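One structure is given below, encoded as structure tokens.
Only a predicted model underlies this, so the values are computations on that prediction, with no experimental measurement involved.
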Amino acid sequence: MAKYILVMDQGTTGSRGVVYDEKGKKIAYDYEEYEQYYPQSGWWEQSGKALWNVTLRTAQNAIQKAGLKGTDIACLGITNQRETTTIWDKVSGEPIYNTIVWGCRRGAKICQNMIDQGYNDLVNEKTGLIIDPTYSASKIRWILDNVPGAQKRAEDGELYFGNVDSWLIYKLTKGRVHAEDYSNAARTMLFNAHELKWDDELLKIFNVPKCMLPEVKPSVGIFGYTDPEFFGAEIPITGVAGDQSAALFGQACFDEGDAKNTYGTSAVPLMYTGDTAPKTEKGLLTVAWGKDGKVKYSMGASILIAGQVIKWIRDQMNFIDAAAQSEEMSLSIPDNGGVYFVPAFTGLGAPHWDPKARGMLIGITAATTKEQITRAAVESMAYQTRDLLEEMEKNSGIKLKELKVDGGAAKNDFLLQFQADILNCKVVRPKDTETTALGACYLAGLGAGIFKDEEEIKGLWEADRVFEPQMDDETRERLYSQWCKAVEKSKGWLD
Ligand code: ADP
């Protein structure tokens, strides 16, 4: 009997194929990167064909490395980089332009035009987002405007749009299914997050023909079956979610106020708000996932610079040889000596939203040491996380319960203890920190009936270490208010 779960974890840099057993334990994986293209400053593309070929290959290799065959696989889960946009010919399956990556800023003018026309409140009300070129809408608009004949072809029903989940599902089913899940649709800026459908008014504003959009489906359930050509079996695709949603699921955040933070190059905290869709003027709302005919909501945003500040300490300041040394440096001194580091290298993202802010070190005296500066850099990840989580608490009225963590910098025990102290909340690191792929495994397993419900998944999820808050209230609030003061001083630096 087929009992293994296959996951396609299609990330920004590369794809990971992973095979899990029926208890959610990783058996084998394969990973491969694809090329990135930067045709102009601020532009960012990938090849749609490469995304498909690499994702398929790593999935096939993972099955082989596990010593299994396609017939041993009970179901397939997909998780993917969100917002990234592909448009293809619906008959030939050929993309009409390269895939435009989430971080591409080419839609800035289109977005500014929408803002100038006063659409921000409307978009915010309907989608929970604020108008920004990250989301798919301006990328679609750009392709339809710039590929000759594309708008007409889209209107004539010849083209399909999809986020990467949708593109992979189309390819896996040999064009039989054009669908994506709620969590991906919610990042297009065209999807009504409350009515749970493509929003006719937004489609009109962006002039996007509805016939090119995928059917939107719950994240758990059958999307279609893979063509036998690919795995020698028709594997049901039973779980799909965007990467951050999958990570939240993979961290078993199923209770209101449960949150996760991924400390990578940047950091992405997300808080589960359940049935509540809080109003957030800062654009923090997103659909977490859909299941059993309902959706669950979450709030989240990116901290633009997180682990990258440690890389800067290593490569530009040469205070350390390896990122991991930032931990012993921080622990070698009792405190930051009054030094604060606001790493606004490219401005400040949510909740401050100040593109004119720049990085700043403050509180330096003749006695300041490299240890203190390094510690201030590590602490900045924790402070920025509190900034965002507090905003989420304020918007939702839901209190943070516990923070589950993953990502490269979550190996740093000092950071996690300091995070627990500064939040006054438990911080928990899991044993399996590949939470994005694990989330897709859980979603697919639920869709295939391998797992019964979230309670069973909570039982499978294993903690590696729990960090309890130890700091007294007076110290915590004194340190945090100093940080807030520093952030204010970094704002508006550019003219
Ligand atoms: P991404 O997937 O975003 O590229 P990772 O999750 O692999 O990133 O995390 C790498 C980042 O984490 C790097 O920016 C690095 O500086 C930082 N990092 C890695 N290990 C540590 C550590 N022990 N302490 C602090 N920062 C770390």
Side-chain angles (χ1 to χ4, degrees), residues 5 7 9 16 18-27 75 77-79 181-183 218-221 238-264 267-276 286-292 294-300 385 389 392 396 398-407 410-411 416 419-420 423 425-468:
I5 301 169
V7 164
D9 177 4
R16 196 180 302 273
V18 193
V19 177
Y20 294 90
D21 70 12
E22 77 259 71
K23 296 276 175 224
K25 283 262 173 311
K26 198 170 3 184
I27 304 291
C75 58
I78 299 175
T79 178
D181 97 299
Y182 284 126
S183 70
S219 320
V220 173
T238 55
V240 177
D243 51 11
Q244 297 308 323
S245 286
L248 192 68
F249 208 92
Q251 287 279 26
C253 291
F254 304 135
D255 294 319
E256 279 190 8
D258 279 354
K260 71 95 191 169
N261 193 15
T262 305
Y263 302 88
V268 194
L270 222 63
M271 184 164 95
Y272 178 81
T273 59
D275 296 325
T276 316
T286 198
V287 175
W289 50 76
K291 188 175 159 275
D292 306 329
K294 284 192 287 196
V295 298
K296 300 292 181 187
Y297 293 96
S298 61
M299 301 178 79
T385 301
L389 288 170
M392 294 178 201
S396 64
I398 295 169
K399 186 135 184 48
L400 175 66
K401 251 178 82 190
E402 68 177 25
L403 182 67
K404 300 206 173 140
V405 298
D406 49 71
K411 292 190 203 90
L416 300 191
Q419 185 71 82
L423 286 172
C425 165
K426 203 156 70 167
V427 169
V428 187
R429 180 173 54 207
K431 275 201 176 134
D432 185 346
T433 54
E434 294 285 349
T435 55
T436 310
L438 186 60
C441 157
Y442 288 157
L443 288 164
L446 279 172
I450 294 173
F451 308 129
K452 199 166 126 254
D453 52 20
E454 281 85 341
E455 277 313 306
E456 183 180 349
I457 288 170
K458 272 192 204 168
L460 298 174
W461 190 91
E462 286 181 288
D464 164 48
R465 188 163 165 193
V466 179
F467 299 83
E468 298 279 356

Original post:
Any ion pair linking Arg429 and Asp464 (charged N to carboxylate O, less than 4.0 Å)?
Top reply: yes
Original post:
Only one of Leu438, Thr436, Ile457 forms a side chain to side chain contact (heavy atoms under 4.5 Å, CB included) with Phe249, so which one is it?
Top reply: Ile457
**OP:** Please work out whether the ring planes of Tyr272 and Trp289 are parallel, tilted or perpendicular, with thresholds of 30° and 60°.
**Re:** parallel
**OP:** Might you point out which heavy atoms bring Asp21 and Lys23 nearest each other, and give the distance in Å?
**Re:** OD1-N, 2.8 Å
Original post:
Do Pro430 and Gln251 touch side chain to side chain, with heavy atoms closer than 4.5 Å?
Top reply: yes
Original post:
Between the main-chain N or O of Ser245 and the side-chain N or O of Ser183, is there a donor-acceptor pair closer than 3.5 Å?
Top reply: no
Subject >> Residues Glu434, Arg16: salt bridge by 4.0 Å N-O rule >> reply: yes
**OP:** Can you measure from SG (Cys441) to CG (Asp432) and round to the nearest 0.5 angstrom?
**Re:** 9.0 Å
Subject >> Student check: side-chain heavy atoms of Phe451 and Leu460 closer than 4.5 Å >> reply: yes
Original post:
Taking atom OG1 of Thr286 and atom CG of Leu270, what is their separation to the nearest 0.5 Å?
Top reply: 7.5 Å
Subject >> Distance in Å, Lys404 NZ paired with Thr262 OG1, rounded so as to fall on 0.5 Å steps >> reply: 13.0 Å
Subject >> Minimal non-hydrogen separation, Ser298 against Leu248, with atom names >> reply: CB-CD2, 3.9 Å
Original post:
Is there a side-chain contact between Tyr442 and Ile450, using heavy atoms and a 4.5 Å cut-off?
Top reply: no
Original post:
side-chain contact (heavy atoms from CB on, under 4.5 Å) between Tyr20 and Val7: does it pass, once the steps are laid out?
Top reply: CA-CA 8 Å; Tyr20 294 90; Val7 164; 3.8 Å; yes
Original post:
Pick one: which of Thr433, Asn261, Thr435 meets side chain to side chain donor-acceptor pair (under 3.5 Å) with Asp406?
Top reply: Thr435
Subject >> Side-chain heavy atoms of Glu22 within contact of Ile5, under 4.5 Å >> reply: no
Original post:
What distance separates Glu402 CD from Cys253 SG, expressed to the nearest 0.5 Å?
Top reply: 7.5 Å
**OP:** Quick one: closest heavy-atom pair of Lys26 and Val18, and the distance?
**Re:** CG-CG1, 3.5 Å
Subject >> Heavy-atom pair of closest approach, residues Val295 and Tyr182 >> reply: CG1-CD1, 3.5 Å
Original post:
If you measure from the Lys or Arg side-chain nitrogens to the Asp or Glu carboxylate oxygens, is any gap between Asp255 and Lys458 under 4.0 Å?
Top reply: yes
**OP:** Report the C-alpha distance between Lys291 and Leu443 in whole Å, list the side-chain angles of each, state the deciding distance to 0.1 Å, and finish with yes or no for side-chain contact (heavy atoms from CB on, under 4.5 Å).
**Re:** CA-CA 9 Å; Lys291 188 175 159 275; Leu443 288 164; 5.8 Å; no
Original post:
Is it the case that Asp243 and Thr79 place a side-chain donor and acceptor less than 3.5 Å from each other?
Top reply: no
Original post:
Is it the case that Gln419 and Tyr263 place a side-chain donor and acceptor less than 3.5 Å from each other?
Top reply: yes
Original post:
SG of Cys425 to CG of Leu403: how many Å apart, nearest 0.5 Å?
Top reply: 6.0 Å
Original post:
Is Lys296 salt-bridged to Asp275, cutoff N-O under 4.0 Å?
Top reply: yes
**OP:** Report the C-alpha distance between Lys431 and Trp461 in whole Å, list the side-chain angles of each, state the deciding distance to 0.1 Å, and finish with yes or no for side-chain contact (heavy atoms from CB on, under 4.5 Å).
**Re:** CA-CA 8 Å; Lys431 275 201 176 134; Trp461 190 91; over 6 Å; no
Original post:
Would you say the side chain of Val220 lies within less than 4.5 Å of the side chain of Thr238, judging by non-hydrogen atoms?
Top reply: no
**OP:** Compare every heavy atom of Ala444 with every heavy atom of Cys75, then report the nearest pair and how far apart it is.
**Re:** SG-O, 3.6 Å
Original post:
Roughly how far, to the nearest 0.5 Å, is the CG atom of Leu400 from the CG atom of Leu389?
Top reply: 5.5 Å
**OP:** Would you check, one step at a time, whether the test side-chain contact (heavy atoms from CB on, under 4.5 Å) holds for Met271 with Asp258?
**Re:** CA-CA 6 Å; Met271 184 164 95; Asp258 279 354; over 6 Å; no
Original post:
Any sub-3.5 Å donor-acceptor pair from Ser396's side-chain atoms to Met392's backbone N or O?
Top reply: yes
Subject >> Basic-acidic side-chain contact under 4.0 Å: Glu462, Lys25 >> reply: yes
Original post:
Between Lys260 and Val405, is there a donor-acceptor pair closer than 3.5 Å when you use the side chain of the first and the backbone of the second?
Top reply: no
